[in-house]
Enquirer: 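I'd like to ask some things about the structure below.
First the proteins, then the strands, lettered A, B, ... as listed; each starts at 1. Keep in mind the model is a prediction, meaning the values are calculated, not measured.
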There are 2 protein chains.
Amino acid sequence: MKKVTINSVASYAGVSKKTVSRVLNNEPNVSDATREKVLKVFKELDYTPNPIARGLAQNRSFIIGCLYDNPSKSYITRVQTGALAACHELNYNLLIHPCELRGEELISNIEHLIQTSRLDGIVLTPPFSDFPELVSFLKSKKIPYARVASAVLEDDSISVRSNDEQGAFEITEHLIKLGHKEIAFIKGHPDHSATEQRFKGYRRALASNGIEFDERLVEEGNFSYHSGVDSARTILDLNPRPTAVFASNDYMAAAVLKLATQMQLRVPDDISIVGFDNAPIARHIWPGLTTIAQPVEEMTQQAVKQLITHISDPQESPYQVTLEAKLITRESTAAIK
Amino acid sequence: MKKVTINSVASYAGVSKKTVSRVLNNEPNVSDATREKVLKVFKELDYTPNPIARGLAQNRSFIIGCLYDNPSKSYITRVQTGALAACHELNYNLLIHPCELRGEELISNIEHLIQTSRLDGIVLTPPFSDFPELVSFLKSKKIPYARVASAVLEDDSISVRSNDEQGAFEITEHLIKLGHKEIAFIKGHPDHSATEQRFKGYRRALASNGIEFDERLVEEGNFSYHSGVDSARTILDLNPRPTAVFASNDYMAAAVLKLATQMQLRVPDDISIVGFDNAPIARHIWPGLTTIAQPVEEMTQQAVKQLITHISDPQESPYQVTLEAKLITRESTAAIK
DNA sequence: TGACATTATGACACCGGTGTCAGATTAGGA
DNA sequence: TCCTAATCTGACACCGGTGTCATAATGTCA
């Protein structure tokens, strides 16, 4: 099997390689006859252009990077799924790059990544999406980027998000409608902008239903299962015990559930628990968790698609989108008796 | 910021670009003085060679692909972590490629991937590691590949595995030592070679402890949580009910646990449950699952490292390694009363 | 010191595409 | 029918590295 290059195609079709290149890139100024002739040779020889040679000539790599630092494997996988879908569609490759937000030398780490891998652009997923140092670094270096699930909107950059505040509002209101008034809240990791958004939604729901906010019901978590255990311990020992717990994600909610079960509390009869994200664990435990589902794949896919479009044609003006989050009710919530 | 290329380095250092290239690749036949002079210029100009140009010249992409089709997000993430570690170390990039083993046109899908992305090699993770059609395709196309967690050993290819059969043996024996004799078994997905291996280990443990194998205690699963629910239903309805259940992975074990809990069975007092893989869920549920931990990251890292080494220097003879699996005991198993 | 082997270096083509520009061909209008 | 404008096409340089080979510099030994 010998290699099929643009030269072999050109000589086989009896045209110059530049003409072949024109056909390849759908450029104008090729007569229909020539175009078809070349296209036929493509098929006959089973020709695939070499992206590396192309990249060298155009100073592009056809690679975009995906940055994440997230304890939730399912979230990461969903992000990857969305990003890959967009990449496949637009003939790009995806380079995944897990790294720590608070790791030393984040910026130089990223700079090195961009330098060595010659990324054409970067997708930022939480918590990077709202990390100012990084965003302004990319902006100063003129590296195209897109932000997924960011809270802060900048109008000159690509950003696709879902409404965390609204989701938190809705799930809190769901509890309130079930008669709950003492609703504990476990916060997420302070580096994630979602943390503040979800907290805001919680407070807005309380306020709009005339329930006074009680600071003693709020615990600091960090989205990890482990932090959920710690927070749960404090909350479940409160006297009087709250009748419901809203954990800022499903892992922490699962931790609350585990601890409650260990303490012989029945969920949802004795206490209702809700999470956020609709992670697989939400339906893998008993009782299943009432939670908020976000369209993570969809968000990432749109963000990456936008990003690649922008790279290929910088005229394309970047835009912002907000997608819907959805309440999923399972067995972990019930009306107060 | 203007681009720093091999030409700028060469003229700045007062040598030819070929000499710069020599220094870059640690080739011999460069005098120490020249070498140092060039290295100093590297630093001064902050030069990073362009992998794309390099790739074009050497007909390499410095990219290896990672194939998977696995319902376990944590397994996928662990695989990626290991693969990335090896890639970073050896200046390679990783292209992840989730795809369905039984999807239509798997082979042509992979062929297309290799064609368009010009992969230098491929890592196969379960269930691809032992999929003969794919392996022989890669072999016929002379695409370097490495297999992770494969059961079948071929001596002319790279393969890093852990001993599933032995792990299953040990965890079964753990149950037997606790006094269990009626131990139900839920099989994994038939496409995964681990499925048969784990089953073998289970049977060997029974046999070596003089317990007769009872076919009625065996259910067909497919590694998914959902299949675990189905199998659990059958098993927990058996009369007499087995005193222990060995599910071939933790998701299915979690399903058994969920169903048992719903049926008011106490775990481990009424029934012991064990899983396999040591997935996060094993410690996120209550009671935590006794299971077998495999060094997935380590396996993948070694496989990828081997693979890249082999690509860079085909003389390097491929090798096979088997790493240790480890029993993790948690709260889901107890001595029979 | 001369003859020869060894080491160091650079000129140049090449990898497989794309950009520029000039020249050839065709179309359209007078 | 001729002239000009619009459309096609190809020659050639270039992207940033590496491979080959010739030549220059140095080392070795008689």
Side-chain angles (χ1 to χ4, degrees), chain A residues 1-39 41-42 45-63 91 93 115-118 120 311-313, chain B residues 1-39 41-42 45-63 91 93 115-118 120 311-313:
Chain A
M1 183 189 97
K2 61 172 177 295
K3 274 186 300 183
V4 181
T5 73
I6 198 170
N7 289 298
S8 35
V9 172
S11 67
Y12 195 90
V15 297
S16 75
K17 57 192 241 188
K18 179 65 221 190
T19 298
V20 176
S21 167
R22 286 196 182 91
V23 175
L24 217 48
N25 295 285
N26 272 311
E27 282 174 34
N29 298 340
V30 180
S31 73
D32 289 353
T34 313
R35 189 181 299 275
E36 266 179 46
K37 187 171 60 183
V38 173
L39 285 172
V41 176
F42 281 177
L45 301 185
D46 190 24
Y47 169 67
T48 316
N50 185 331
I52 298 178
R54 211 179 234 208
L56 180 59
Q58 301 191 127
N59 197 25
R60 301 168 65 173
S61 62
F62 297 96
I63 295 177
N91 291 314
N93 284 331
Q115 270 286 321
T116 54
S117 295
R118 309 277 158 156
D120 289 346
I311 290 167
S312 309
D313 177 9
Chain B
M1 182 188 98
K2 62 174 179 293
K3 275 184 301 184
V4 181
T5 73
I6 197 169
N7 289 297
S8 36
V9 171
S11 66
Y12 195 91
V15 297
S16 74
K17 58 192 241 187
K18 179 67 221 190
T19 298
V20 175
S21 167
R22 285 195 182 94
V23 174
L24 217 47
N25 296 285
N26 272 312
E27 284 174 32
N29 298 339
V30 180
S31 74
D32 289 352
T34 312
R35 188 181 300 274
E36 266 179 46
K37 188 170 56 182
V38 173
L39 285 172
V41 176
F42 282 177
L45 301 186
D46 191 24
Y47 169 67
T48 317
N50 185 332
I52 299 179
R54 214 180 229 206
L56 181 59
Q58 301 191 129
N59 196 26
R60 301 168 66 174
S61 61
F62 297 97
I63 294 177
N91 290 312
N93 283 331
Q115 270 286 322
T116 54
S117 295
R118 310 279 156 153
D120 288 346
I311 291 166
S312 309
D313 177 10

Enquirer: Please state how far atom NZ in A/Lys18 lies from atom C1' in D/dC14, giving the value in whole angstrom units.
Expert: 12 Å
Enquirer: Would you mind classifying the nucleic acid contact of B/Val15 as base, sugar-phosphate or nothing, using non-hydrogen atoms under 4.0 angstrom?
Expert: sugar-phosphate
Enquirer: Please give me every residue in residues 46-57 of chain B whose heavy atoms get under 4.0 Å of an atom in DNA chain C, ordered by residue number.
Expert: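 Those residues are B/Leu56, B/Ala57.
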Enquirer: Taking only the side-chain nitrogens and oxygens of B/Thr34, find out if one of them lies under 4.0 Å from OP1 or OP2 of C/dT9.
Expert: yes
Enquirer: Of the non-hydrogen atoms in B/Val41 and B/Ala13, which two are nearest, and what is the gap between them?
Expert: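 Reported closest heavy-atom pair: CG2-CB, 3.7 Å.
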Enquirer: Could you check whether atom CD of A/Glu27 has more than 12 heavy atoms from other residues, nucleotides or ligands sitting under 6.0 Å from it?
Expert: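 Yes, the 6.0 Å shell around CD holds more than 12 heavy atoms from other groups.
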Enquirer: To the nearest Å, give me how far apart CG (B/Asn25) and P (D/dT20) are.
Expert: 13 Å
Enquirer: What is the separation between atom CZ on A/Arg60 and atom P on C/dG17, rounded to the nearest whole Å?
Expert: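 Whole-Å distance recorded here is 16 Å.
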Enquirer: Please determine whether the number of non-hydrogen atoms from other residues, nucleotides or ligands lying under 6.0 Å from atom OH of A/Tyr12 exceeds 12.
Expert: no
Enquirer: To the nearest angstrom, how far is B/Asn29 atom CG from D/dT23 atom C1'?
Expert: 14 Å
Enquirer: Count the heavy atoms of every other residue, nucleotide or ligand shown that sit under 6.0 Å from CG of A/Asp313, and state whether that count exceeds 12.
Expert: yes
Enquirer: Nearest to the A/Arg22 side chain among C/dG19, C/dT9, D/dT9, which nucleotide is it?
Expert: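 Nucleotide nearest to A/Arg22's side chain: D/dT9.
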Enquirer: In whole Å, I'd like the distance from the CG atom of B/Asn26 to the P atom of C/dA8.
Expert: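 From B/Asn26 CG to C/dA8 P: 14 Å.
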Enquirer: For B/Ala53 and A/Leu56, work out which heavy atoms get closest and say how close.
Expert: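 Distance-wise, the nearest heavy atoms are CB-CD1, 3.7 Å.
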Enquirer: Please report the shortest heavy-atom distance between A/Ser16 and A/Ala10, naming the atom on each side.
Expert: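 Reported closest heavy-atom pair: C-CB, 3.8 Å.
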Enquirer: What are the two closest non-hydrogen atoms of B/Asp120 and B/Ile311, and how far apart are they?
Expert: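 Here B/Asp120 and B/Ile311 meet closest at O-CD1, 3.4 Å.
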Enquirer: Taking the side chain of A/Ser31 as its heavy atoms from C-beta onward, which of D/dT18, D/dC8, C/dT20 lies nearest to it?
Expert: D/dC8
Enquirer: Please tell me if A/Lys3 has a side-chain N or O lying less than 4.0 Å from either OP1 or OP2 of C/dG16.
Expert: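 For A/Lys3, the contact criterion (side-chain N or O under 4.0 Å from OP1 or OP2 of C/dG16) is met.
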Enquirer: Considering non-hydrogen atoms only, spot the tightest contact between B/Ile52 and A/Gly55 and give its length.
Expert: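 Residues B/Ile52 and A/Gly55, closest heavy atoms: CG2-C, 4.0 Å.
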Enquirer: Are more than 12 heavy atoms from other residues, nucleotides or ligands located less than 6.0 Å from atom CG of B/Asp32?
Expert: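 Counting other residues, nucleotides and ligands, CG of B/Asp32 stays at 12 neighbours or fewer.
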Enquirer: So which heavy atom on B/Ile6 is nearest to which on B/Lys17, and how close?
Expert: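 Heavy atoms of B/Ile6 and B/Lys17 come nearest at CD1-O, 3.5 Å.
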Enquirer: Using five base pairs at each end to define the local axes, how bent is the helix from C/dT1-D/dA30 to C/dA30-D/dT1, to the nearest 10°?
Expert: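 Angle reported: 40°, given to the nearest ten degrees.
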Enquirer: Within this structure, what is the CG-to-P distance between A/Asn59 and D/dC15, rounded to whole angstrom?
Expert: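 Whole-Å distance recorded here is 10 Å.
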Enquirer: Heavy-atom nearest nucleotide on DNA chain D for B/Asn7 versus A/Thr19: which residue maps closer to 5'?
Expert: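 Going by which nucleotide is closer to the 5' end, it is A/Thr19.
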Enquirer: Output the single nucleotide from C/dT18, C/dA11, C/dG17 whose closest atom is nearest the side chain of B/Ser16.
Expert: C/dA11
Enquirer: Can you measure A/Lys17 atom NZ to C/dT18 atom P for me and round it to whole angstrom units?
Expert: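 My rounded result for the distance is 10 Å.
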Enquirer: What is the distance from CZ of A/Arg35 to P of D/dT9, rounded to the nearest Å?
Expert: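 So the CZ-P distance, A/Arg35 to D/dT9, works out to 9 Å.
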Enquirer: Please figure out whether B/Gly14 or B/Arg118 has its closest DNA chain C nucleotide nearer the 5' end.
Expert: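 Of the two residues, B/Gly14 wins.
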